[in-house]
There are 2 protein chains.
Amino acid sequence: MSKNTGLNAIEMQYLRLSLGLTTEQVASITSTTHQDVLAWEAGETDTPVPVQKKLLDIDDIIEMQVLNTTDGIEELFKKEPKRRLAFVVYPTQAVYTQYNPEFLSTLPLTELYSTAAWRIKKECKLVLEVDVSLVALDAEAYKAYRADNGMSESRESRAKWAATQLV
Amino acid sequence: MSKNTGLNAIEMQYLRLSLGLTTEQVASITSTTHQDVLAWEAGETDTPVPVQKKLLDIDDIIEMQVLNTTDGIEELFKKEPKRRLAFVVYPTQAVYTQYNPEFLSTLPLTELYSTAAWRIKKECKLVLEVDVSLVALDAEAYKAYRADNGMSESRESRAKWAATQLV
């Protein structure tokens, strides 16, 4: 089961859990079947190397995202020393696809983006002592906010809306 | 929902997922009901502060365990420069309770111990370039191994058995 440096059944399971994914979601992003995923995690069959690589690559992408974003936030707070920040996440795949499409190729599911956001929150707390709150984008409320303030859709507008959600 | 610096619904969900727990397991270790957990994660009710604290404390304990174990492994490989290591995890709560009871007070579920093990594997790879394999304790095979080698039960015996499982 634990052949070479590949991932065995329990490692595949905890890699998946650490990414915040269900077995169905792993099947969907690796173009395999739910039965395949269950068989790997039960140790009945070895996980194909490309599947292992796909999930490990996603984990690496998330870690890179965490590092880059935490660096960005550290920069931000050099000029502007407030210690509270809102970070937009996307409550459904449809909202994620509409508003955050540039991430679809690297983090195909909104759950992966939320996992990255959670790790960013943890890292910011630990390293910068900055409180990051994850704010799920409420598409209707956000549209109304933009209309009220004459703002166009942009990452910055989303961040501004999210900041209004901190109480 | 995102009141003060407490955790909101989506943060509670991703904290749980990052710990590798189901909603049922969170209910069990926080002495709440499954319905409570579902209501927090749906944003229908706020998560009680003691529950938030309990889960955040567990996450801190895991991070401490990761740091300490990674330090220990770094020490080990100063003397003995092989780059492969087996780390025992426990496939069921019964096996965990029998063989690893000293962790029950801090990491009450075997899934939490496995989550710690997964993070240790990641950290060792990244920081030390050491390949750690998680090996689920097979109680029968381990007993046979001890009998064959005249060994008593101990953490060290388990580690030795686990090393035989690396191929």
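Just so it is clear, the values below take in all heavy atoms, side chains as well, and ignore hydrogens, waters and symmetry mates. Within every chain, numbering begins at 1; the chains are lettered A, B, ... in the order of the sequence lines, protein sequences first and strands thereafter.
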Self-check item: Residue A:Gln13 versus chain B: region with a heavy atom under 4.5 Å
Solution: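 For A:Gln13, no heavy atom lies under 4.5 Å from chain B.
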
Self-check item: Listed partners of A:Glu41 passing side-chain hydrogen bond (donor to acceptor under 3.5 Å, both in side chains), at least two apart
Solution: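 Scan of A:Glu41 (side-chain hydrogen bond (donor to acceptor under 3.5 Å, both in side chains), adjacent residues dropped) gives A:Arg16.
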
Quiz item: Nearest heavy-atom pair of A:Lys122 and B:Asp59: which atoms, and what distance?
Solution: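 Closest approach of A:Lys122 to B:Asp59, heavy atoms only: NZ-OD2, 2.7 Å.
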
Are [X] and [Y] connected in the hydrophobic side-chain network, where two residues link if heavy atoms are under 4.5 Å apart?
X        : Y       : value
A:Trp40  : A:Leu38 : no
B:Leu67  : B:Phe77 : no
A:Val127 : A:Met64 : no

Quiz item: Taking only heavy atoms into account, what residues of residues 92-110 of chain A are found under 4.5 Å from chain B?
Solution: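 Near chain B, by residue number: none.
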
Quiz prompt | Option in B:Leu15, B:Leu126, B:Val89 with maximal non-hydrogen atom pairs under 4.5 Å from chain A | solution =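 Of B:Leu15, B:Leu126, B:Val89, B:Leu15 has the most heavy-atom pairs under 4.5 Å with chain A.
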
Exercise. Report, by ascending residue number, the residues of residues 17-30 of chain B in heavy-atom contact with chain A at a distance under 4.5 Å; give 'none' if the set is empty.
Key: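 B:Leu17, B:Ser18, B:Gly20, listed by number.
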
Quiz item: If contact means a heavy atom pair closer than 4.5 Å, which residues of residues 112-120 of chain B contact chain A?
Solution: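 If one takes a 4.5 Å heavy-atom cut-off, the residues of residues 112-120 of chain B near chain A are B:Ser114, B:Thr115, B:Trp118, B:Arg119.
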
Quiz item: Should B:Leu7 and A:Lys121 be marked as a side-chain contact (heavy atoms from CB on, under 4.5 Å) after you check the CA-CA gap, both sets of side-chain angles, and the distance that decides it?
Solution: CA-CA 11 Å; B:Leu7 298 177; A:Lys121 177 181 169 68; 3.6 Å; yes

Self-check item: Distance in Å, A:Met12 CE paired with B:Leu134 CG, rounded so as to fall on 0.5 Å steps
Solution: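 Answer rounded to 0.5 Å: 12.5 Å.
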
